[in-house]
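See below for the structure under consideration.
What's counted below: heavy atoms across the whole structure, side chains too, no hydrogens, waters or symmetry copies.
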Amino acid sequence: MNIDKFTITSYDQLTGFNKSTGSLEMIMDELNEFTLSHEEGSDPITGRGGRTIANLKKSKKVTGKGTNGMLSGGALAAMVGSEVEDGDYTIRYTDPIVVTSNNAITTEKAVGTAGNEIGTIYVRDDNKTYISGGRKLTQTSGTPATGEFSYDPESKTITFFNGDIPDGTEVIAFYDTEVTGKKISNRSDNYSNTLQVFIDCTCSDGCDNLFHGQFIIERADFNGTFDIKGGAEPATLSFEFTSLPNLCTGKSNLLWDFVVFD
């Protein structure tokens with residue numbers, strides 16, 4: 001390989017590892033863009049007539065910035081100072097339901113205080129609106145009267161007052177339900193993590209020979225200021241980190257290593 005004349009044709013992936021345990025914390029392998037920026041400060045040394053005769057160089061700084069085409073749970077956790085947790089969690093579920101014979105079945109099992117698992121059900125008006133003109137039905141723990149409903153969480157059955165809601169009417173319920181999943185928590189007193197980072201790239205020399213490159217950053221301090229973009233386009237994840245010297249090893253002045261190999 002000829003590294004006197006070469007280019008980085010693509011950044012392939014960024015992996016981050018916990019510095020204490022060595023465990024994998026993040027992987028971003030859909031890098032839309034990535035930039036490794038370098039700064040160096042200097043103070044001029046002046047001579048006769050105020051002319052600059054030398055520069056005192058100082059304050060080298062390396063930052064990495066980019067966008068991953070897909071969200072990465074590990075990267076999100078690193079930037080908010082959290083971990084990806086597995087467990088059972090409570091979420092708020094939106095459930096449009098069609099009434100049949102004074103009854104309806106919720107999609108999920110509503111959980112909460114007995115007799116108040118759902119609390120309120122919203123009925124569309126003639127303009128198909130729920131809030132500005134629709135009726136509100138209130139949950140009761142006993143036999144429902146007009147304007148009320150009861151709920152059996154075991155069978156997930158809603159019972160309305162007889163004749164209160166015509167068949168085929170769509171109502172909507174918002175209730176808590178338990179799901180099994182993964183959780184990332186952004187707490188006000190937790191801050192972004194510092195990881196050991198490896199950035200893999202593909203390189204090409206002047207003769208079109210391909211080879212690999214890897215930037216090794218012993219301490220990448222991730223920035224907790226970022227955007228989760230989405231909407232008309234799928235959500236992407238912007239990220240930024242600063243390379244810090246590894247003061248706990250003999251590499252106390254190292255900002256990165258770059259290794260090229262076949």
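- In this structure, T140 contributes its side chain and G142 its backbone to a donor-acceptor pair below 3.5 Å.
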Apply side chain to side chain donor-acceptor pair (under 3.5 Å) to T35 and S37, showing your working.
-> CA-CA 6 Å; T35 302; S37 300; 5.6 Å; no

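- Linking Ile, Leu, Val, Met, Phe, Trp and Tyr residues whenever their side-chain heavy atoms come within less than 4.5 Å places V84 and V197 in a single cluster.
- T169 places a side-chain heavy atom less than 4.5 Å from the side chain of V123.
- Residue T106 holds its OG1 atom at 6.0 Å from CG of D95, rounded to the nearest 0.5 Å.
- When E178, E154, E117 are each tested for a side-chain hydrogen bond (donor to acceptor under 3.5 Å, both in side chains) with K109, only one passes: E154.
- Here the closest non-hydrogen pair linking I3 and V260 is CG2-CG2, 3.8 Å.
- A continuous path of hydrophobic side-chain contacts links L71 to F241 [ILVMFWY only; heavy atoms under 4.5 Å].
- In this structure, L76 is a member of the same hydrophobic cluster as V80, with clusters built from ILVMFWY side-chain heavy atoms closer than 4.5 Å.
- Side-chain contact check for E30 and N68: no donor-acceptor pair (N or O, by modelled atom type) lies under 3.5 Å.
- With values rounded to the nearest 0.5 angstrom, T63 atom OG1 is found 11.5 Å from D221 atom CG.
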Please assess L137 against F160 for the test side chain to side chain contact (heavy atoms under 4.5 Å, CB included), listing each intermediate value before the final yes or no.
-> CA-CA 9 Å; L137 308 181; F160 300 96; 3.6 Å; yes

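- Across all their heavy atoms, P153 and A110 have their closest contact at CB-O, 3.9 Å.
- Evaluated for a side chain to side chain contact (heavy atoms under 4.5 Å, CB included) with Y151, the options T157, I121, N116, I158 yield exactly one hit, I158.
- For the ring-ring contact (aromatic ring centres under 6.0 Å, His included) with H212, the qualifying choice from F6, Y11, F261 is F261, the only one to do so.
- I91 has its side chain within reach of T177: a pair of non-hydrogen atoms, C-beta onward, lies under 4.5 Å apart.
- Residues K183 and D88 are not paired through a salt bridge, judged by the lack of any N-O separation under 4.0 Å between the basic side chain and the carboxylate.
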Given the rule in the side chain to side chain contact (heavy atoms under 4.5 Å, CB included) test, do F34 and F215 qualify, once you have shown the distances and angles that lead to the verdict?
-> CA-CA 12 Å; F34 178 74; F215 288 95; 5.9 Å; no

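- In this structure, R219 contributes its side chain and N246 its backbone to no donor-acceptor pair below 3.5 Å.
- Placement of L36 and L255 within a single hydrophobic cluster is found when ILVMFWY residues are connected by side-chain heavy-atom separations under 4.5 Å, directly or transitively.
- The backbone N or O of G119 lies less than 3.5 Å from a partner atom in the side chain of Q139, making a donor-acceptor pair.
- Sorted by first and then second residue, the ring pair (Phe, Tyr, Trp, His ring centres under 6.0 Å) pairs with a member in residues 66-118 read Y93-Y175; sequence neighbours excluded.
- A donor-acceptor contact shorter than 3.5 Å is absent between the side chain of S42 and the backbone of N55.
- The shortest non-hydrogen separation linking M28 to L31 is O-CG, 4.0 Å.
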Given side chain to side chain contact (heavy atoms under 4.5 Å, CB included), test M79 with L237 step by step and report yes or no.
-> CA-CA 11 Å; M79 290 189 287; L237 180 63; 3.7 Å; yes

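- Between T94 atom OG1 and I172 atom CD1 the span is 6.0 Å, to the nearest 0.5 Å.
- Put simply, the side chain of D164 never gets that close to the backbone of T146: no donor and acceptor are under 3.5 Å apart.
- At a cut-off of 3.5 Å, with distance as the only test, a side-chain donor of N103 or T159 sits close to an acceptor on the other residue.
- We find the CG-CD distance between N193 and E83 to be 8.0 Å, quoted to the nearest 0.5 Å.
- At a threshold of 4.5 Å between non-hydrogen side-chain atoms, the residues L195 and K19 do not count as touching.
- E25 and S23 form a side-chain donor-acceptor contact under 3.5 Å, judged by distance and modelled atom types alone.
- For F226, there are no ring-ring contact (aromatic ring centres under 6.0 Å, His included) partners at least two apart in sequence or on another chain.
- Ionic pairing of K156 and E108 is not present here: no N-O contact between side-chain nitrogen and carboxylate oxygen is shorter than 4.0 angstrom.
- The aromatic rings of F258 and W256 lie perpendicular to each other, with more than 60° between the two planes, well past the 30° mark.
- Hydrophobic clustering places F198 together with V259 (ILVMFWY residues linked when any side-chain heavy atoms are closer than 4.5 Å, directly or through intermediates).
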Evaluate the criterion side chain to side chain contact (heavy atoms under 4.5 Å, CB included) for residue pair K65 and N223; output intermediate values, then yes/no.
-> CA-CA 10 Å; K65 180 186 295 186; N223 194 327; over 6 Å; no

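- For the pair E85/S185, a side-chain contact is recorded, criterion being any heavy-atom separation below 4.5 Å from C-beta on.
- Side-chain contact between S238 and D227: present, with at least one pair of heavy atoms (C-beta onward) separated by less than 4.5 Å.
- Under the 4.0 Å criterion applied to side-chain N and carboxylate O atoms, K5 and D205 are not assigned as salt-bridge partners.
- Environment of CD in E40: crowded, with over 12 heavy atoms of neighbouring residues, nucleotides or ligands closer than 6.0 Å.
- Distance check: L14 CG to I199 CD1 gives 5.0 Å after rounding to the nearest 0.5 Å.
- Nearest heavy-atom pair across I217 and S243 is CG2-OG, 3.5 Å.
- Defined by atom type and a distance below 3.5 Å, a donor-acceptor pair is present between the side-chain atoms of D12 and S10.
- A donor-acceptor pair shorter than 3.5 Å cannot be found between the side chains of E148 and T138.
- The minimum heavy-atom distance linking G213 with C203 is given by the pair N-SG, 4.1 Å.
- Atom OG in S192 sits 10.5 Å away from atom CG in N186 (nearest 0.5 Å).
- Nearest heavy-atom pair across I8 and C201 is CG2-CB, 3.8 Å.
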